[in-house]
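Since the structure comes first, as structure tokens, the remarks are kept for the end.
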Amino acid sequence: MNRNTSSQPSRRFLLASATAFFFVGTGLARARTLGGSLPWEPGTATPPTPVRPGPWLFFTADEAAIVEAAVDRLIPPDNRGPGGKDAGCAVYIDRQLAGPYGRSEGLYTRPPFMAGAATQGYQMPDAPAARYRMGLRALADHIKSNFAGKSFRDLAPEDQDKVLKGLESGSIALKDVKSADFFTLLLGNTQEGFFADPIYGGNRDMAGWKLIGFPGARYDYRDWVERHNEAYPLPPVSIMGRSDWTVRE
Amino acid sequence: MARKLPAKDVVIIGLGWTGSILAYELAKSGLNVVAIERGPWRDTATDFPPAYAQDELRYAVRLDLFLRPDQQTMTFRNNASQTAMPIRSFSGFLPGNGVGGAGVHWNGQTWRFLPTDFNIRSHLEERYGKDALPADMTIQDWPVSYDELEPYYDRFEKLCGTSGKAGNLRGQKQPGGNPFEGWRSSEYPTPPLKQGLGATLFAEAARKTGHSPFPQPASNLSEAYVNPLGVKLGQCTYCGFCERFGCGNYAKSSPQTCVLPALMRFPNFSARTESEVTKINLDSTGRRATGVTYVDTSGEEWEQPADIVLMCAFSFFNVQLMLLSGIGKPYDPQTGQGVVGRNYAYQTTSSVSLILKDKILNPFIATGSHGMIIDDYNGDNFDHTGLGFFGGGYMGFGQTGARPIQTRPVPKGTPKWGAEWKKATAETYQRGLSLATHASSYSYKDCYLDLDPTYKDRFGRPLLRMTFDFHDNELKMSAFLTERLAEIAKAMDPVEMTASPRKGPYDSTIYQTTHNTGGTVMGADPSTSVLNRYCQSWDVHNIFVPGGASVFPQNHGYNPTDTVGALAYWTADAIRNRYLKNPGPLV
Ligand SMILES: Cc1cc2nc3c(=O)[nH]c(=O)nc-3n(C[C@H](O)[C@H](O)[C@H](O)COP(=O)(O)OP(=O)(O)OC[C@H]3O[C@@H](n4cnc5c(N)ncnc54)[C@H](O)[C@@H]3O)c2cc1C
Ligand code: SF4
């Protein structure tokens, strides 16, 4: 995801044309002085970067195996459509953790870190990437010692559900990790991936949107506002369009 | 050492709603104006074009357009016995950042306050008795009346092209509008938006139960419109990606769609972006501001001298800058003395969620502010005798979107994941809706803003510290309003209904609104206000806070921005017509 941050060079500084505006000072200054007209320039838009298929960027193979199995229990495949694994939820989480979200980029991460009241929000220093690394390791260890050396992927679906319920309720204690917090993070990211635009790697073939009947990125419903109680007729589209829009030879 | 720039007539801190209005009005009068904005320049074509503006993850979840806490945040605690903790990621409210401010990604709900809101303390004392109000409630009359502000409300609504139906034209009640609203000098600039099924069902139920529903006033335009500055806005497409998003259709009123195209043409105006004001500088007497100091993205410090300093930085940052610059006396909650940071208030919302039978709501067909509303329980529109609280709010149903990462209604008792969750999610999406109340938040002695003793920003300056919790008055009010709403909801014949009145303690992680008010209150008495009736500092006469919600003495049962915009025009007129002729205290 492209974002201007205080710590990265501004794309506009790099692309600004000197005729339209001048810079404050010289050298490194990225701040700009604008005047005379709207400072629009071609080619400076910041569309999202589509996730590409390919190897895991953040997860190790073992971690990915746990996550793929887990997302398929959180959103199981059934006659309504694919589950979390085929919908790409693990790929989505992997790409998110490898990016700014994984590093808590843009958040306030200055010390001191102290435990606060629930009304004061998350107060720990760990960013999501670190939380996954620790959480998945602790989960793997827990499974190994409680299920005869097995890994999460090898458990029967009922056992996988039992473990996930144990994490959710906190009844399974993980080493150095609050199991319920880790579960909340995993579930939240899984559902995000299932319902976010497919451009981010999850919601493959718009599986999440088809499940509920969300038309996606359509952006114009003027003809349907007053068609009360009538199902919207068009299938969903993503920011990238639809696969059946692409001409196939 | 800061490098000194050539002097300007006016320096504006922040180029959001208030900053852009003041910049336009003062540049038009020929003054040399510079606006300094901590975030980037933003425009529709570059930052939120219709090709990818509809990206829930990027804009609504990862909050791409908002202030990022590593740049500026605040600390929060519910009461003075707790240690305040930094808000490490925003979620309870979402301050804006960048040109356009929160005007880029607001909903567009455009409400005037009630005439009695402006003299709330005298009104309540007169109607219910001198001792009726709780002792620690610090609400006070505004130093302006509704009648004085009416022409300025009208101007802001015409700037926006707001869509709606008047309920009171110069004292004449109008069918189909809000029968409780104050008088209007003219009809809304554009007709109301069209309504979906949910809002229509709510309106039927409200009528059946003896209420007076009307369309929510919306700065999401029902038709194309050219505003008095000559800027053209487009028609809203009910795209459903509105609040938290910029509008790709030029249909949501914002500084971008209403002001900047006209403002940027003035040769005597310039904007300096990605430059954060760190301090307002005073002369040796402390009674006159000499300009501001700001830091650009390379870390370089600059001094911008100016004759007039306008604080347009949004409520929190107006307060923080005053405290850090030593302007006005900081509020002390122990003694109740001092004014800067006093009377911080917010908003009290609640909901009644429903699942309907056999309906297709198409909940994704939505705008930031369409919907049908009743105002029967706002302000003092109803008799409070014996109720045990004061205040109130509007309520109704507005479909602002059903983007599926954040909106997925399910029946009570549904597990959070697994096969049953999946089934319930699929079956409920088209039939679930959430009615809402949006109510006042009065001010109290122990709700205030000051500087945090521990946590610092990236420049090493103390963060602002918020001490806030709901009081009994607000919780009782929310219980009452939510009960009334549930009665109407029952008439919609739901298969399931869950009423959720607001409960304490206030939780900084749960989004309600970004309607944070108070801290640099305007008033008639310098011992209980920071600004006089022209939004001018009592202490430093060439500093104005032109209308940002930090000037509200308390928050009423409506969204703030119509009042913010009206006060911006009110202040601009005071500066132009009075201050420039005779620079000095206007009161
Ligand atoms: C999601 C959301 C929905 C909303 N919906 C509604 C609604 O439906 N109805 C309604 O009435 N209101 C709504 N609001 C509130 C509305 O957006 C604000 O009331 C309005 O934008 C306030 O105008 P302002 O000029 O005070 O601040 P802003 O418009 O926020 O502008 C302040 C500007 O100052 C800049 N700034 C701050 N500090 C500094 C500094 N130190 N140096 C330089 N620049 C600085 C900021 O970056 C920002 O650009 C909503 C807000 C949000 C976030
Ligand atoms: S709902 Fe309307 S005003 Fe809001 S973003 Fe969509 S088109 Fe623009």
Side-chain angles (χ1 to χ4, degrees), chain A residues 1 3-6 10 12 24-25 28-40 44-45 47-48 74-76 78 80 101 106-108 110 114 116-117 119-123 187 192 195-197 200 208 211-215 217 219-222 224-226 228-232 239, chain B residues 40-41 43 45-46 49-50 52 54-58 61-62 64 68-71 73 76 78 82 85-89 194 196-197 200 237-239 261 264 269-275 296-298 300 359-360 362 364-365 404-405 416-419 422 425-426 429-430 505-509:
Chain A
M1 209 171 298
R3 295 168 117 176
N4 276 342
T5 73
S6 50
S10 147
R12 287 224 180 75
V24 172
L28 281 171
R30 277 174 253 126
R32 294 194 297 155
T33 298
L34 310 169
S37 64
L38 290 172
W40 182 81
T44 55
L74 297 175
I75 307 177
D78 59 13
R80 290 171 194 273
Y101 169 76
L107 304 189
Y108 185 84
R110 285 168 203 273
M114 299 184 268
T119 59
Q120 294 175 306
Y122 184 71
Q123 290 296 334
L187 177 63
E192 247 167 51
F195 291 111
D197 195 283
Y200 297 109
L211 176 73
I212 57 174
F214 179 66
Y219 219 57
D220 189 351
Y221 297 112
R222 280 174 292 185
W224 218 262
V225 193
E226 293 183 316
H228 294 174
N229 248 334
E230 286 183 66
Y232 185 73
I239 289 172
Chain B
W41 175 264
D43 61 56
T46 314
Y52 55 81
Q54 59 283 57
D55 183 340
E56 183 185 13
L57 181 71
R58 174 178 183 172
V61 179
R62 300 284 183 256
D64 199 45
R68 308 180 68 179
D70 68 348
Q71 180 164 1
T73 185
F76 162 72
N78 284 113
Q82 286 178 339
M85 297 286 160
I87 293 180
R88 296 187 179 276
S89 67
K194 293 177 191 166
L197 177 60
T200 305
T237 64
Y238 305 81
C239 79
M264 293 304 287
F269 171 77
S270 56
R272 229 160 266 159
T273 56
E274 304 196 54
S275 298
D296 68 19
T297 33
S298 67
E300 180 128 21
K359 289 282 186 292
I360 301 173
N362 290 329
F364 43 83
I365 302 182
I405 299 176
K416 289 204 165 72
W417 52 277
K422 193 176 174 192
T425 303
Y429 183 72
Q430 277 286 8
Y506 167 69
D507 187 331
S508 73
T509 68

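Hydrogens, waters and symmetry mates play no part in the numbers below; they use all other heavy atoms, side chains included. Within every chain, numbering begins at 1; the chains are lettered A, B, ... in the order of the sequence lines, protein sequences first and strands thereafter.
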query = Are any side-chain N or O atoms of B:D70 and backbone N or O atoms of A:Y108, one a donor and one an acceptor, separated by less than 3.5 Å?
reply = no
Part of B:Y429 within contact of chain A (heavy atom distance under 4.5 Å) = side chain
query = Looking only at heavy atoms, which two atoms of B:L57 and A:A196 are closest? And how far apart?
reply = CB-CB, 4.1 Å
task = Evaluate the ring planes of A:F214 and B:F364, with Trp represented by its six-membered ring, and classify them as parallel (under 30°), tilted (30 to 60°) or perpendicular (over 60°).
result = perpendicular
message = Shorter than 4.5 Å, heavy atoms on both sides: which option in A:L211, A:I75, A:L187, A:L74 has the most such pairs with chain B?
response = A:L74
query = Rounded to the nearest 0.5 Å, what separation is found between the CD atom of A:Q120 and the CG atom of B:D507?
reply = 10.0 Å
request  = Check B:I405 against A:E192 and note the closest heavy-atom contact, atom names and distance.
outcome  = CG2-CG, 3.8 Å
query = Do you know which of B:M85, B:K359, B:Q54 has the most heavy-atom pairs with chain A at a distance under 4.5 angstrom?
reply = B:M85
key: Closest contact, heavy atoms only, A:A31 versus B:T273   = CB-O, 3.3 Å
message = Please classify the contact of B:T425 with chain A as side chain, backbone, both or neither, using a heavy-atom distance under 4.5 Å.
response = both
Pair A:Q123-B:R88, side-chain contact (heavy atoms from CB on, under 4.5 Å): steps then yes or no = CA-CA 7 Å; A:Q123 290 296 334; B:R88 296 187 179 276; 2.9 Å; yes
request  = Heavy-atom pairs under 4.5 Å with chain A are the metric here; pick the option from B:T509, B:V61, B:N362, B:N78 that has the most.
outcome  = B:N362
ask   = Atom CD in B:Q430, atom OH in A:Y232: separation rounded to 0.5 Å?
value = 12.5 Å
message = A side-chain contact here means heavy atoms from C-beta on lying under 4.5 Å apart; do B:T46 and A:W40 qualify?
response = yes
ask   = CG/A:D220 to CD1/B:I365 distance, rounded to the nearest 0.5 angstrom?
value = 10.0 Å
ask   = With a distance cut-off below 6.0 Å to the six-membered ring centre and an angular limit of 45° from the axis, does B:R62 pair with A:Y101 as a cation-pi contact?
value = yes
task = Given side-chain contact (heavy atoms from CB on, under 4.5 Å), test B:D55 with A:I239 step by step and report yes or no.
result = CA-CA 8 Å; B:D55 183 340; A:I239 289 172; 3.8 Å; yes
ask   = How close do A:A117 and B:Q82 get, heavy atom to heavy atom, and via which atoms?
value = CB-NE2, 4.0 Å
task = With a 4.5 Å cut-off on heavy-atom pairs, point out which of B:A45, B:C239, B:P49 contacts chain A the most.
result = B:C239
ask   = Got A:P48 and B:R58 here, is their nearest side-chain heavy-atom distance under 4.5 Å?
value = yes
query = Shortest non-hydrogen contact from A:T119 to B:F76?
reply = O-CE2, 3.4 Å
inquiry  = How long is the straight-line distance from CG of B:D43 back to OG1 of A:T44, given to the nearest 0.5 Å?
reply    = 7.0 Å
request  = Using a cut-off of under 4.5 Å on heavy-atom pairs, state which of B:P261, B:S270, B:G418, B:S89 scores highest against chain A.
outcome  = B:G418
key: Nearest non-hydrogen partners of A:A45 and B:Y52, listed with the distance   = CB-OH, 3.3 Å
key: Most contacts with chain A, counted as non-hydrogen pairs under 4.5 angstrom, among B:S508, B:P505, B:A419   = B:S508
